[in-house]
Structures are given as C-alpha cells and as structure tokens.
Amino acid sequence: MGWKISSLIINSDQKVDELDLLKKIGFNGLTEIASQPFEEIMSPDDNEVYIGYYKGNILICSQEFPITFFNQIILRGERTLAEYFPSDTEICAIALHSTVNFWGYSVSKNREKLRVRGGSAEDGTFIEYGEPLAEELELLSKSKNEYGKRLFHLEENSDEYYTDDQVGENFVFELTKRYFGETLDAADDLLFETKLKGYSFKNATFNHPHNTKEAKKGKKWVRYVFILIAVIIWQIIKRYI
C-alpha cells in the first residue's frame, strides 16, 4: 500500500474551539465542510484542513502545514500551537509520500525542537537534527555508515541494505507508537472509525516567520533555505499526486 500522510499530532486531551484554533494558526477564510474518516483525509486537498481527536491527541491534517515543521526554525503556525497549549505539550508533525519516498517527522516541546528528520529519494536526507528518540533506536541499531550514507540491514537472512529514504516510512510509523500505542498502519479504529471535522480555506499564513528574539538571533539565510527546501520538495510531490 502506498501512503500519503501530512498530519499533526498534538499530545493533549484538551478540548478546543476548532475554528478558533485553526484561525489562530493561520488558516484564513474558513468554511465548514463534511467530516471524513482519517484514512480518507490524512493527506487532504490543498485548500482543506481537518481537525479531530484520538486517544488523548488532537489531530490536524493539512497538505502543507506539517511540512513547515521540518526545519530547526519554529515558524508562525508552530509557535502559535506552542503558545496555545500548556508548555509541556508535545507537538509532532509527520509526512509520507510513498511515490517519491518522501518522509519526515518533527517533535517539539516547550517551544524547542527535540528531533527533526526528513528526506526523499531525490534529495536524500535533507535534515537531521536533535538526539534520536526512543522509537528510533531499534531501527538505527540496524544501520551502518558507508561512503557517507546510512544503510539499514533489516532482514537477518538477507544481504540487502536499504537507504534512509527506503526506511523513512518505517521510522514514521514507529514514531506514531509514541502517541497511539501502536503504529499508524495498524490503528484501524483511527484510520476507519475516527472522523475529523473538515474546513475549506481561502489562504494560509502559517509559514510566516514568527517575530521573536530567538528568530532574530538565528541566521536569516538558514531560515529561508529550509523554507525553500520544503517548498521545492512539496512541488515535486504534487507532480505525482
């Protein structure tokens, strides 16, 4: 099965005003549309966003919003979420597009990035930041560095090795255990039984840099390079959708 996912997992059981939260993030001109099962909208159309609840988490599905988390800079939308929820709330962004082996995940807490990794078949691993999370360790233990690349030996009775982009999906699914208690691909009640409320929107401003002292201290060119990388990769992905 090919996977297309672009979702946020906010590890909080707080009930929110969904419309108000989405407006604060930067989704503008919102109009409510039909609710859909998670499996149908985990990578929704460009002008749609979905929000709902599952096992003590708030889920937000949007084509572009989670992609903006795949860098070391906290942009406007991510900063808004960090300020909206209690300081110890963990915020996770995940994305997959199997056609081009695009994968990525970001985990932040207390307004700081804990871990970010992402890549694709064309670009390789374009970001790796922070210390490995517990959910990554088993897969990482099966890897070795050779000629500047990380290679994974996943099957004991095979001599075949896999590159980062070929096991990115494995890492994303392992990370979802952190929030769902099982991997996303095994969570049938989430995929088929959990509906998220839908909205169409006219435009979005969640990728604008947040005007903070921390952002000003950072190198401006780093910020824009990461934004440019995310935009380029997303354009590549959209050609295959």
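Values in this document were obtained by computation on a predicted structure and should not be read as measured data.
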So [Y] and [X], do their side chains get closer than 4.5 Å, heavy atoms only?
| X | Y | answer |
| --- | --- | --- |
| E122 | V100 | no |
| L21 | F85 | yes |
| F126 | F102 | yes |
| E128 | V116 | no |
| I51 | L22 | yes |
| Y50 | I33 | yes |
| L19 | D17 | yes |
| L175 | L133 | yes |

Report, as yes or no, whether the 6.0 Å neighbourhood of atom NZ on K55 holds more than 12 heavy atoms from other residues, nucleotides or ligands.
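Result for NZ/K55: enclosed.
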Would you please test C92 and Y179 for side-chain contact (heavy atoms from CB on, under 4.5 Å) and show each step?
CA-CA 9 Å; C92 173; Y179 309 101; 3.5 Å; yes
Do S98 and E169 pair up side chain to side chain, a donor and an acceptor below 3.5 Å, judged on atom types alone?
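Judged by distance alone, the side chains do pair up.
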Does a side chain donor of either D164 or T125 reach within less than 3.5 Å of an acceptor in the other side chain?
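The criterion, which ignores hydrogens and geometry beyond distance, is satisfied for T125 and D164.
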What side-chain hydrogen bond (donor to acceptor under 3.5 Å, both in side chains) pairs are there with at least one residue in residues 188-200, not counting sequence neighbours?
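side-chain hydrogen bond (donor to acceptor under 3.5 Å, both in side chains) check on residues 188-200 returns Y54-D189.
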Tell me which pairs pass side-chain hydrogen bond (donor to acceptor under 3.5 Å, both in side chains) where either residue lies in residues 132-145, with sequence neighbours left out.
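Output for this query lists Y105-E136, R115-E136, E135-R178, K144-E146.
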Return the set of residues passing side chain to side chain donor-acceptor pair (under 3.5 Å) with [X] (not counting sequence neighbours), or none when no residue passes.
| X | answer |
| --- | --- |
| Y161 | none |
| N203 | N28 |
| N57 | N11 |
| T183 | D185 |

To the nearest 0.5 Å, tell me how far [X] [atom1] sits from [Y] [atom2].
| X | Y | atom1 | atom2 | result |
| --- | --- | --- | --- | --- |
| I9 | T176 | CD1 | OG1 | 6.5 Å |
| D165 | N101 | CG | CG | 4.5 Å |
| S106 | Q72 | OG | CD | 10.5 Å |
| L151 | H153 | CG | NE2 | 11.0 Å |
| M42 | L196 | CE | CG | 12.0 Å |
| S43 | D45 | OG | CG | 8.5 Å |

Which atom pair, heavy atoms only, marks the closest approach of [X] to [Y]?
| X | Y | result |
| --- | --- | --- |
| L190 | L184 | CD2-CD1, 3.5 Å |
| S62 | P66 | O-CD, 3.2 Å |
| I91 | A82 | CD1-N, 3.9 Å |
| F201 | E48 | CE2-N, 3.4 Å |
| G104 | V172 | O-CG2, 3.8 Å |

Could you walk me through whether R117 and F70 pass the side-chain contact (heavy atoms from CB on, under 4.5 Å) test, one step at a time?
CA-CA 7 Å; R117 290 187 73 224; F70 298 161; over 6 Å; no
Derivation and outcome, side-chain hydrogen bond (donor to acceptor under 3.5 Å, both in side chains), residues E83 and T80:
CA-CA 5 Å; E83 293 172 349; T80 300; 5.3 Å; no
Going by the rule ring pair (Phe, Tyr, Trp, His ring centres under 6.0 Å), which residues pair with [X] if we only count those two or more places apart in sequence or in a different chain?
| X | value |
| --- | --- |
| F65 | F27, F69, F206 |
| Y53 | none |
| F38 | none |
| F171 | F152 |

Would you check, one step at a time, whether the test side-chain contact (heavy atoms from CB on, under 4.5 Å) holds for E155 with Y162?
CA-CA 10 Å; E155 301 165 0; Y162 300 90; 3.6 Å; yes
Can you list every salt bridge (Lys or Arg N to Asp or Glu O under 4.0 Å) pair that touches residues 93-113, not counting sequence neighbours?
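Applying salt bridge (Lys or Arg N to Asp or Glu O under 4.0 Å) to every pair that reaches into residues 93-113, excluding sequence neighbours, yields E78-K113.
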Residues two or more places apart in sequence or in another chain: which of them pass side chain to side chain contact (heavy atoms under 4.5 Å, CB included) with K149?
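K149 satisfies side chain to side chain contact (heavy atoms under 4.5 Å, CB included) with no residue once adjacent residues are dropped.
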Apply side-chain contact (heavy atoms from CB on, under 4.5 Å) to the pair V49 and L30, showing each step before the final yes or no.
CA-CA 9 Å; V49 58; L30 289 159; 4.0 Å; yes
Treating S6 as the side-chain partner and A95 as the backbone partner, does any N or O pair qualify as donor plus acceptor under 3.5 Å?
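Checking the backbone N and O of A95 against the side chain of S6, no donor-acceptor pair under 3.5 Å is found.
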